[in-house]
Amino acid sequence: MELEALKQAWDKTNNPENSKFNRLLFKEIIDSKLRTSKEKLLNFEWISLILAVLFIPVTINVFFMKNLLIYTHLFLICMLIILVLSITWDTCKIRILGKINLNKPLKESMIYAEKFKYLVKTEKLVSYYFILPFVFIFVFVLYAINKIRFELWIYLAFIVIAAILSVVFLYKIYDKHVNNLRQSLNDLQALEE
């Protein structure tokens, strides 16, 4: 009984009259998925940008503490450089995500999605092979010297926690949403053809 009803409903949707409706429905679903992925990626980027901006005064405050080792000053200067580069990088990624728009030609949005994917991939590689080793080596050197203040240990703990969270969790989430974004654009392109 239910199988017959399902079969009749399927036959209704396969009619040539309903083909246009099905295409519009499918397009709307893909558009919704695309907007959701784009919004989530934009939220991650804005959070990253805000945290980088907020971390600069903390780094400057720690830099001007008394009785810090020369290694600590060098590390903090490098952290400031990394934070400024991170702000620039995040701003660039936000601008590229903002250019992905369904009102523009689809090919243009696909190009911007590829640019965004390239930026995320480059960011991951720089994080894995430059920033994380730098932070871990520095924390190990400070631990070996063991002559730092408690406030600096708190600062270093936040840096290590942020580094681990970004590597383990955020890049997995990034990959998922970037792939959803690209897949939605590919589906839209296939639908137009």
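- A donor-acceptor pair under 3.5 Å is absent between the side-chain atoms of Ser86 and the main chain of Ile82, judged by distance alone.
- Panel note: side chain Thr91, backbone Ile87; a donor-acceptor pair is recorded below 3.5 Å.
- Among all heavy-atom pairs drawn from Lys38 and Leu97, the shortest one is CE-O, 3.0 Å.
- Criterion: ILVMFWY side-chain heavy atoms under 4.5 Å apart, direct or through other members. Under it, Val62 and Leu54 are not part of a common hydrophobic cluster.
- Contact detail for Leu119 and Lys93: the closest heavy-atom pair is CD1-CG, 3.7 Å.
- Linking ILVMFWY side-chain heavy atoms closer than 4.5 Å, directly or via other members, places Leu51 and Leu80 in two distinct hydrophobic clusters.
- Between the CD1 atom in Ile47 and the CD atom in Glu45 there is a gap of 10.0 Å [rounded to 0.5 Å].
- Between atom CZ of residue Phe134 and atom OG of residue Ser127 there is a gap of 13.5 Å, rounded to the nearest 0.5 Å.
- For the side chain to side chain contact (heavy atoms under 4.5 Å, CB included) test with Ile81, the passing option among Leu85, Leu83, Val84 is Leu85; the others fail.
- Here the CD1-CZ distance, from Ile50 to Phe55, works out to 15.5 Å after rounding to the nearest 0.5 Å.
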**Study point:** Candidate pair Val126 and Trp89, rule side-chain contact (heavy atoms from CB on, under 4.5 Å), full reasoning
**Key:** CA-CA 12 Å; Val126 168; Trp89 194 262; over 6 Å; no
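- For the atom pair CG (Leu125) and CD1 (Ile131), the distance works out to 11.5 Å, reported to the nearest 0.5 Å.
- The aromatic rings of His73 and Phe63 sit perpendicular, their planes meeting at an angle over 60°, well past the 30° parallel limit.
- Here the shortest heavy-atom pairing between Ser109 and Asn101 reads OG-O, 2.8 Å.
- For NZ of Lys115, the number of neighbouring non-hydrogen atoms (other residues, nucleotides, ligands) closer than 6.0 Å is 12 at most.
- The distance from the CZ atom of Arg95 to the OH atom of Tyr112 is 9.0 Å, given to the nearest 0.5 Å.
- Taking CD1 of Ile100 as the start and CD of Glu114 as the end, the distance is 9.5 Å to the nearest 0.5 Å.
- Atom CZ of Arg35 has more than 12 neighbouring heavy atoms from other residues, nucleotides or ligands inside a 6.0 Å radius.
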